[in-house]
Protein chains: 2
Amino acid sequence: MASLDRSLIAGLGPFDSLTPEALDQVLARARSARYAKDSSVFEENAEAHSFFLLLDGRIRVVRTTPHGDQVIARYIGDGELFGIAAAIGRTTYPATAMCAVDCVVLAWPTEAWADLAARFPSFAGSTFRTIGNRLQETQSRVVEMATEQVGQRVALAVLRLVRQAGRKTPEGLEIDFPISRQDIAEMTGTTLHTVSRLLSAWEDEGIVKSARQKITVIDPHRLMVISEHRAGA
Amino acid sequence: MASLDRSLIAGLGPFDSLTPEALDQVLARARSARYAKDSSVFEENAEAHSFFLLLDGRIRVVRTTPHGDQVIARYIGDGELFGIAAAIGRTTYPATAMCAVDCVVLAWPTEAWADLAARFPSFAGSTFRTIGNRLQETQSRVVEMATEQVGQRVALAVLRLVRQAGRKTPEGLEIDFPISRQDIAEMTGTTLHTVSRLLSAWEDEGIVKSARQKITVIDPHRLMVISEHRAGA
DNA sequence: GCCCGGGTTTGCGCTAGCGCAAATCCCGGA
DNA sequence: TCCGGGATTTGCGCTAGCGCAAACCCGGGC
């Protein structure tokens, strides 16, 4: 494992405003690793030996119920920390991290966290802000699940994905990683059948365009309308 | 506002293992306040001027949707910090804190947080652990809402309440604060009608006993069975 | 170029649970 | 003690969306 170049992480959220020397110190304790698409970085309930930063790729964070149902907690994008719930008290990962595409990550041993946090307060702050944001966002999802119906939830999920991972194309905004109907279903608490029906309907209306593992939003505005209004035409 | 006695908070989670002097310093920046049942300690979207510790009572944390639906995020019990998402980056409260009964709270100005956290690392740690726990728990609720059906969700909610606020009575375990069918509905994403029907059915089977704003669990074991098994007899 | 397998679409029937409405109950105040 | 209003219960009809099943489509490996 070669020595890591600080340009990898300079300017990324968690390491914002660290001096070059500080960056080197932070990197000194990290190792980098590649994971192939569909491999997991860590598994639910496994002992939390490391925490991670995603350098490149896209990671799906999944929980599995005792019944075997899967629920996607969130997608992680470039520059985001993940596996950090572990850094805060937890000794075990609460979910599985699956690579939606080939990924490059940095990993720090869990023990390093307290030390880094103490030495670089802005790093600690950023971590906590991240966790705070996720709590916030997760609570919004609870509210959604409790009050909106499937159509609205799916619309919201697609909009969120586009915002997080939208790539501009001539057609519209395309989600830049492969995502199946099943995935959307697991994000919104419904079935792939229902998602498929909804996307088909929206495609007929020219709101989205979808293909195998691919979704492009043509008319975000009308999708927002769907996500807000109860019932639909 | 008289000076506060450190015995109020000695030994409480967040202030565990602080020296008497440290406790005094922490208390020096707090003020205590009483809130009547059904009054709010803070409102959603209001500016986060303070964070709080509940000394006595029970607080319902509620979010309201643009459509006017309410969702109960959680209940806060004695000795718990609340309104702290604000202490971590947020400048505004993400939810409303309503008193389910008369409450006594300690309040610190938001500005004091960074200072206290820096001076008393164990306080900071405890806060973060609390937030971590809540993230965890909130995610579990997302999973529940996505995969279980109402009967199971309501059973889980009741069990959780009993665990958190159960008082032993000759009848069984009684939830020690007034809680309506509507409240349970807002915790589980259903309607008061459905909750009422479920409780009635369970009462017929001798699993729970319920009255106006009151629920007593007679047979926790059978309730757990309901919460785990799909479909029911 | 052909075949295989996973992703997707679509039809169909069914039911969990919502929405509405009405009756009842019960606590607390006058 | 009587009364008003919120909490609860219960009936009834309806539909959103699930579950099952079958067909289809398409990309990649051989």
Side-chain angles (χ1 to χ4, degrees), chain A residues 36-38 60 67-71 100 144-155 157-158 175 177-205 208-216 226 229-233, chain B residues 36-38 60 67-71 100-102 144-155 157-158 175 177-205 208-216 226 229-233:
Chain A
K37 179 180 175 191
D38 292 330
R60 186 171 53 232
H67 291 302
D69 302 305
Q70 297 209 322
V71 176
E144 253 173 51
M145 303 265 299
T147 62
E148 320 282 17
Q149 36 210 117
V150 267
Q152 304 177 65
R153 299 205 304 268
V154 172
V158 171
I175 295 171
F177 59 93
I179 185 162
S180 69
R181 311 286 180 270
Q182 177 69 35
D183 293 332
I184 307 256
E186 288 176 6
M187 298 178 70
T188 52
T190 180
T191 65
L192 78 163
H193 306 276
T194 298
V195 173
S196 178
R197 281 182 246 269
L198 286 167
L199 289 179
S200 298
W202 293 341
E203 184 150 7
D204 290 346
E205 299 182 38
V208 305
K209 179 139 185 35
S210 69
R212 193 193 182 76
Q213 313 244 67
K214 184 129 301 293
I215 298 175
T216 307
I226 290 173
H229 275 329
R230 280 210 202 210
Chain B
K37 181 180 173 189
D38 293 329
R60 186 171 54 230
H67 290 302
D69 302 305
Q70 297 209 322
V71 175
V101 296
D102 292 347
E144 255 173 50
M145 303 265 299
T147 62
E148 320 282 17
Q149 36 210 118
V150 269
Q152 304 177 65
R153 299 205 304 270
V154 172
V158 172
I175 295 171
F177 58 93
I179 185 163
S180 70
R181 309 288 180 270
Q182 176 69 35
D183 293 331
I184 307 256
E186 289 176 6
M187 297 179 70
T188 52
T190 181
T191 64
L192 79 164
H193 305 276
T194 299
V195 173
S196 177
R197 281 182 247 270
L198 285 167
L199 289 179
S200 296
W202 293 342
E203 185 148 7
D204 289 347
E205 298 181 41
V208 305
K209 180 139 185 34
S210 67
R212 193 194 182 75
Q213 313 245 65
K214 184 129 301 293
I215 298 175
T216 307
I226 289 175
H229 276 329
R230 278 205 207 217

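Residue numbers begin at 1 in each chain, while the letters A, B, ... track the order of the sequences.
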> In the 5'-to-3' direction, what one-character label does each nucleotide of nucleotides 18-30 of chain C receive under the scheme B = base within less than 4.0 Å of a protein heavy atom, S = sugar-phosphate only, - = no such atom?
Replying inline: SBBB-----S---
Taking atom [atom2] of [N] as reference, at what distance in whole Å does atom [atom1] of [X] sit?
| X | N | atom1 | atom2 | value |
| --- | --- | --- | --- | --- |
| B/Asp204 | D/dT9 | CG | C1' | 12 Å |
| B/Gln152 | C/dA16 | CD | P | 12 Å |
| B/Met145 | D/dG17 | CE | P | 14 Å |
| B/Ile215 | D/dT8 | CD1 | P | 8 Å |
| A/Leu192 | C/dT10 | CG | P | 13 Å |
| A/Leu199 | C/dT10 | CG | P | 11 Å |
| A/Gln182 | C/dT8 | CD | C1' | 12 Å |
| A/Lys214 | C/dT8 | NZ | C1' | 16 Å |

> Quick one: are A/Leu198 and A/Ile184 in side-chain contact, heavy atoms under 4.5 Å?
Replying inline: no
> Can you find a side chain N or O atom of B/Arg181 that sits less than 4.0 Å from OP1 or OP2 on D/dT8?
Replying inline: yes
>> Would A/Arg181 and A/Ile215 count as a side-chain contact (heavy atoms from CB on, under 4.5 Å) here? Give the steps.
In response: CA-CA 9 Å; A/Arg181 311 286 180 270; A/Ile215 298 175; 4.3 Å; yes
>> Considering every strand and a 4.0 Å limit on heavy-atom distances, what is the contact class for A/Ser200: base, sugar-phosphate, or nothing?
In response: sugar-phosphate
> Could you go step by step and tell me if B/His67 and A/Thr147 meet the side-chain contact (heavy atoms from CB on, under 4.5 Å) rule?
Replying inline: CA-CA 9 Å; B/His67 290 302; A/Thr147 62; over 6 Å; no
>> Name the residue from A/Val154, A/Asp183, A/Val150, A/Val158 that meets the side chain to side chain contact (heavy atoms under 4.5 Å, CB included) definition with A/Thr188.
In response: A/Val154
> Quick one: which of C/dA16, C/dT9, D/dT8 gets closest to the side chain of B/Gln149?
Replying inline: C/dA16
> Which of these nucleotides, D/dA7, C/dA16, D/dT9, is closest to any side-chain atom of B/Ser180?
Replying inline: D/dA7
>> Restricting to non-hydrogen atoms, name the atom on B/Leu192 and the atom on B/Ala185 that form the minimum distance, rounded to 0.1 Å.
In response: N-CB, 3.5 Å
>> Is there a side-chain contact (heavy atoms from CB on, under 4.5 Å) between B/Lys37 and B/Asp102? Walk through the geometry before answering.
In response: CA-CA 4 Å; B/Lys37 181 180 173 189; B/Asp102 292 347; 3.5 Å; yes
> Would you say B/Arg153's side chain and B/Glu144's backbone share a donor-acceptor pair under 3.5 angstrom?
Replying inline: no
